There are 2 protein chains.
Amino acid sequence: MSEDLCGVNVVHSDRVIRASTALVSNEIARRLAETFKVLGDPTRIKIISALYEGELCVCDISAVVSLSQSAVSHQLGALRRERLVRRRRDGQKIFYSLDDEHIKRLLSECLDHVAEEESLVESGTAAG
Amino acid sequence: MSEDLCGVNVVHSDRVIRASTALVSNEIARRLAETFKVLGDPTRIKIISALYEGELCVCDISAVVSLSQSAVSHQLGALRRERLVRRRRDGQKIFYSLDDEHIKRLLSECLDHVAEEESLVESGTAAG
DNA sequence: CTAGTATATGAATATATGTTCATATATTCA
DNA sequence: TGAATATATGAACATATATTCATATACTAG
């Protein structure tokens, strides 16, 4: 069956069948994308990296990343919605921390990827 | 020194010092965010997952993810700019594949994270 | 209760993003 | 060479996003 699914000639080889099996569902794709999207902002990356060594209150985070309390609070809300950070109250302050180990691994995996790019750019053929 | 850096009272405890050390540079934050951002879209996630089992030409990808050739090409361009996929020409066709193992690990790490959310939502206290 | 501190949030605005459409480029075949 | 196929890309448009500002909420101290 070489039907048109999308306005382009469809090849429908074994490859396509296999790929369709590996393809994640719309729902999973949406969830993965939401998680990655929340990581896709320099400010939030800085917040997360600031939390690497332990919890911080919002006011401290503001200072560390040099951003207004409001901006930080909005971003923390976004991170929390994706369960990347959790919070606990201590009196007037609210302390934020990384929610689980996946976040650290995501960051370090991504760092490795970026570092590889780096070495490609600089030396041409490192990191085989 | 309890100075104002951001309009909020700065605490400047040990925590802040430590956090500032862990804090990634603007440059690194920007690069990490760019990589995550390109992963932060359902269409691109689907493309990547489709490439899990091996290379595909653009036309096949279009079919698998049910999107126009143009849209797919734009997205492949974005993925390529962040070195998440590479391409090779074979006659008229151009075959795309995942660039390195980091991408797979990023996806699977994120899947684990999402799955954890899932179990929280559904059973309440699983996956300790 | 009131004043003060810490955090959250809605509205507004400027900017970024994803898809479509039209078209350009590159390759193959006759 | 010219027609056909595969892919890439610029412009445009609708939508999403990050920050700011003003203000609301939650807690503490008195």
Side-chain angles (χ1 to χ4, degrees), chain A residues 2 4 6-13 15-16 26 29-30 33-34 36-47 55-63 65-82 85-97, chain B residues 2 4-13 15-16 26 29-30 33-47 55-63 65-82 85-97:
Chain A
S2 17
D4 249 29
C6 57
V8 175
N9 280 335
V10 171
V11 173
H12 264 301
S13 61
R15 285 195 235 250
V16 173
N26 285 330
R30 194 182 58 73
E34 271 178 5
F36 282 125
K37 188 178 294 180
V38 87
L39 291 169
D41 175 81
T43 296
R44 290 191 291 261
I45 290 290
K46 292 184 90 172
I47 290 175
E55 63 177 12
L56 291 174
C57 68
V58 178
C59 155
D60 284 348
I61 297 173
S62 289
V65 305
S66 304
L67 218 69
S68 74
Q69 177 271 319
S70 180
V72 168
S73 196
H74 276 294
Q75 301 298 21
L76 286 170
L79 289 168
R80 210 160 68 84
R81 256 170 262 128
E82 294 305 317
V85 300
R86 64 163 62 120
R87 62 178 175 181
R88 75 175 179 85
R89 182 179 278 281
D90 179 16
Q92 289 167 286
K93 294 186 182 171
I94 294 190
F95 286 88
Y96 279 82
S97 54
Chain B
S2 20
D4 249 29
L5 288 177
C6 56
V8 176
N9 280 335
V10 172
V11 172
H12 264 299
S13 60
R15 285 195 235 250
V16 173
N26 284 331
R30 192 182 58 74
E34 272 178 6
T35 299
F36 282 125
K37 188 179 294 181
V38 87
L39 292 168
D41 175 80
T43 295
R44 291 191 290 261
I45 290 290
K46 293 184 91 171
I47 291 175
E55 63 178 11
L56 290 175
C57 68
V58 178
C59 155
D60 284 349
I61 298 173
S62 288
V65 306
S66 305
L67 219 69
S68 75
Q69 176 271 319
S70 180
V72 167
S73 195
H74 276 296
Q75 300 298 20
L76 286 169
L79 289 168
R80 211 159 68 83
R81 255 170 264 128
E82 294 306 315
V85 301
R86 64 163 63 121
R87 63 178 173 180
R88 74 174 180 87
R89 181 179 279 280
D90 179 16
Q92 289 168 289
K93 293 187 181 172
I94 294 190
F95 285 88
Y96 279 81
S97 56

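Note: hydrogens, waters and symmetry copies are ignored here, and every other heavy atom, side chains too, is used. The structure presented is a predicted model; accordingly, all values stated were derived computationally and were not measured.
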### Message
By the 4.0 Å heavy-atom rule, please label A:Arg80 as base, sugar-phosphate, or nothing.
### Response
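No contact.
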### Task
Select base, sugar-phosphate, or nothing to describe what B:Tyr96 touches, counting heavy atoms under 4.0 Å on all strands.
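If one applies the 4.0 Å heavy-atom cut-off, B:Tyr96 turns out to touch the sugar-phosphate alone, with no base involved.
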### Query
Does A:Gln69 make a side-chain donor-acceptor contact with the base of C:dA8, cut-off 3.5 Å?
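Flag set: donor-acceptor pair detected.
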### Message
Can you tell me how far apart OG1 (A:Thr43) and CD1 (A:Ile61) are? Round to the nearest 0.5 Å.
### Response
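Nearest 0.5 Å value for the OG1-CD1 distance: 12.0 Å.
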### Query
How many angstroms lie between CZ in B:Arg88 and OG in B:Ser97, if you round to the nearest 0.5 Å?
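If I round to the nearest 0.5 Å, the distance is 8.0 Å.
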### Query
Closer than 4.0 Å, any side-chain N/O of B:Arg89 to the OP1 or OP2 of C:dA26?
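For C:dA26, neither OP1 nor OP2 has a side-chain N or O of B:Arg89 closer than 4.0 Å.
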### Query
Within less than 4.0 Å of OP1 or OP2 of C:dA8, is there a side-chain N or O belonging to A:Arg87?
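Result: yes.
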### Query
Between D:dT7, D:dA26, C:dT7, which nucleotide gets closest to the side-chain atoms of A:Ile94?
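Looking only at heavy atoms from C-beta outward on A:Ile94, the closest nucleotide is C:dT7.
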### Message
Of the listed nucleotides (C:dT7, D:dA4, D:dT7), which one gets closest to any side-chain atom of B:Cys59?
### Response
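Among the listed nucleotides, the one closest to the side chain of B:Cys59 is D:dT7.
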Rounded distance (Å) that lies between atom [atom2] of [N] and atom [atom1] of [X]:
X	N	atom1	atom2	result
A:Leu76	C:dT9	CG	P	11 Å
B:Arg88	D:dT7	CZ	P	12 Å
B:Lys93	C:dT28	NZ	C1'	12 Å
A:Gln92	C:dT7	CD	P	9 Å

Close N or O pairs between protein and nucleotides 16-20 of chain C (under 3.5 Å):
unit_1, atom_1, unit_2, atom_2, d
C:dT17, OP1, B:Lys37, NZ, 3.3
C:dG18, OP1, B:Arg44, NH1, 3.0
C:dG18, OP1, B:Arg44, NH2, 2.6
C:dG18, OP2, B:Arg44, NH1, 3.2
C:dT19, OP1, B:Thr43, OG1, 2.8
C:dT19, OP2, B:Gln75, NE2, 2.2
C:dT20, OP2, B:Ser68, OG, 3.2
C:dT20, O4, B:His74, NE2, 3.2

### Message
Counting C-beta onward and ignoring hydrogens, is there a side-chain heavy-atom pair between A:Arg30 and B:Ile45 closer than 4.5 Å?
### Response
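SC-SC contact between A:Arg30 and B:Ile45 ruled out.
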### Query
Can you give the dot-bracket line for DNA chain C, where a pair is Watson-Crick or G-U wobble with both atom distances under 3.5 Å, crossing pairs use [ ], and | marks a partner on another strand?
||||||||||||||||||||||||||||||
### Query
Want to settle it: does B:Arg81 or A:Asp90 sit nearer the 5' end of DNA chain D, counting the closest nucleotide to each?
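In this pair, the answer is B:Arg81.
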